[in-house]
Amino acid sequence: MPELPDVEGFRQVLLSCGRGCRVTGVRVRDAGVLRGVSAPRLRSVLEGRRLGTPWRHGKWLFVPVEDGGPARGVAPRREGAAGAEGPVLAFHFGMTGSLRCCARDEAPAPHDRIVFTLDGPRSLRYRDQRKLQGVRLTDAAGVDRICEGLGPDALSVHKPEFRDALAGRRGTVKSELMDQSVIAGLGNLLRDEILWRARVAPRTAARDMDERTLRGVHTAMGRVLKTSVHDRRVPPRRGWLTGRRDDGDPHCPRCGSRLRSGRVSGRRTVWCPVCQP
DNA sequence: CACACTACCTGGGGGC
DNA sequence: TGCCCCCAGGTAGTGT
């Protein structure tokens with residue numbers, strides 16, 4: 001499930017449950033989610049240290065790891081998130097990952113791959129059924145390397161920047177919006193929803209969109225994201241395309257036409273042939 | 001260069 | 001009940 005809104009929700013989890021807490025234990029229950037770091041190293045770097053203020057870019061979530069003094073909370077603010085000096089935890093949730101805040105003694109769920117015990121009453125868990133992505137331990141330079149490969153964050157990108165990102169792209173809008181190096185954070189559901197709202201057919205070539213259409217896509221993206229971030233997921237509302245895509249015989253919530261479904265750039269794509277000509 | 005296809009993983013659901 | 005195949009909201013690598 002994780003697209004930008006879900007990951008933003010996980011950031012909130014870290015903010016309310018993890019920030020400023022000291023990590024007292026790291027239990028790696030399945031090392032298959034570790035990327036480029038061993039379980040012992042993850043443990044030795046984290047244990048005794050505190051979690052800083054998390055930040056997100058696209059579908060990536062970063063958490064600076066700060067020295068674990070006795071004082072709780074108030075870590076000295078450094079120059080910008082990416083300016084953190086020490087180690088940084090980097091999460092990517094793939095298709096099935098999540099980050100949950102649980103009671104410290106709550107029994108782990110089958111897919112809780114890593115349990116971070118904190119000095120408060122709670123623990124954080126990286127839960128992930130499919131293990132398509134995972135957890136890394138890096139530093140500011142590593143974060144920069146990751147972000148260099150990403151376009152502007154979909155939640156904060158303004159219209160001119162958005163237009164520049166898509167300008168001259170040869171691919172279909174659908175594939176360009178799904179390309180994290182163009183715009184970071186959109187997943188398959190969001191893209192379908194945004195294009196449906198903007199009344200743009202998924203196979204439209206990005207370079208064929210005029211200024212007005214691009215603005216419409218940007219506006220639709222903003223609205224869809226705003227609601228989705230609030231709900232911490234892309235909500236399956238009946239008034240949304242997302243609320244219909246799994247119906248047996250899905251119809252457009254706007255015009256009632258039968259929805260089309262097919263593959264565009266390798267992903268299942270749902271659209272309304274009437275609203276999105 | 002845009003696209004198709006595969007691989008990485010696991011589990012749920014439908015058909016038989 | 002069991003088995004097989006397809007499907008899933010992600011990404012990276014390879015070939016055409």
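Chain identifiers are assigned alphabetically (A, B, ...) following the order of the sequence lines, protein sequences preceding nucleic acid strands; residue numbering begins at 1 within each chain.
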Subject >> For His92(A), ring-ring contact (aromatic ring centres under 6.0 Å, His included) partners two or more places apart >> reply: Trp60(A)
Original post:
Do Leu177(A) and Leu166(A) come within less than 4.5 Å of each other through their side chains, counting heavy atoms only?
Top reply: yes
Original post:
OP1, OP2 of dT11(C) versus side-chain N and O of Gln180(A): anything below 4.0 Å?
Top reply: yes
**OP:** Give me the one residue out of Arg170(A), Arg207(A), Arg191(A), Arg169(A) that meets salt bridge (Lys or Arg N to Asp or Glu O under 4.0 Å) with Glu176(A).
**Re:** Arg169(A)
Subject >> Among dT11(C), dG9(C), dT10(B), the one nearest Lys59(A) by side-chain distance >> reply: dT11(C)
Original post:
Where are the stems of DNA chain C, defined as at least 3 consecutive Watson-Crick or wobble G-U pairs with both distances under 3.5 Å?
Top reply: B:2-8 with C:10-16, B:10-16 with C:2-8
**OP:** Take Glu3(A) and Leu189(A) through the side-chain contact (heavy atoms from CB on, under 4.5 Å) test and state the conclusion after the steps.
**Re:** CA-CA 8 Å; Glu3(A) 300 185 54; Leu189(A) 289 189; 3.1 Å; yes
Report each atom pair, protein N/O against N/O of nucleotides 3-8 of chain B, whose distance is under 3.5 angstrom.
none

Original post:
Base, sugar-phosphate, or nothing for Arg203(A), non-hydrogen atoms under 4.0 angstrom?
Top reply: nothing
Original post:
Under 4.0 Å: is that the gap between some side-chain N or O of His92(A) and OP1 or OP2 of dG10(C)?
Top reply: no
Original post:
Any side-chain heavy atom of Leu259(A) sitting closer than 4.5 Å to one from Trp271(A)?
Top reply: no
**OP:** Look at the side chain of Thr96(A) and the backbone N and O of Arg130(A), then say whether any donor-acceptor pair between them is shorter than 3.5 Å.
**Re:** yes
Original post:
Whole-Å distance between dG11(B) P and Arg113(A) CZ?
Top reply: 7 Å
Original post:
Checking all strands, does Arg268(A) fall into the base, sugar-phosphate, or nothing category for heavy-atom contacts under 4.0 angstrom?
Top reply: sugar-phosphate
Original post:
For the ring pair Phe10(A) and Phe91(A), is the centre-to-centre distance below 6.0 Å?
Top reply: no
Original post:
Would Glu193(A) and Trp240(A) satisfy side-chain contact (heavy atoms from CB on, under 4.5 Å), going step by step from the backbone distance to the final call?
Top reply: CA-CA 7 Å; Glu193(A) 192 67 39; Trp240(A) 287 36; 3.3 Å; yes
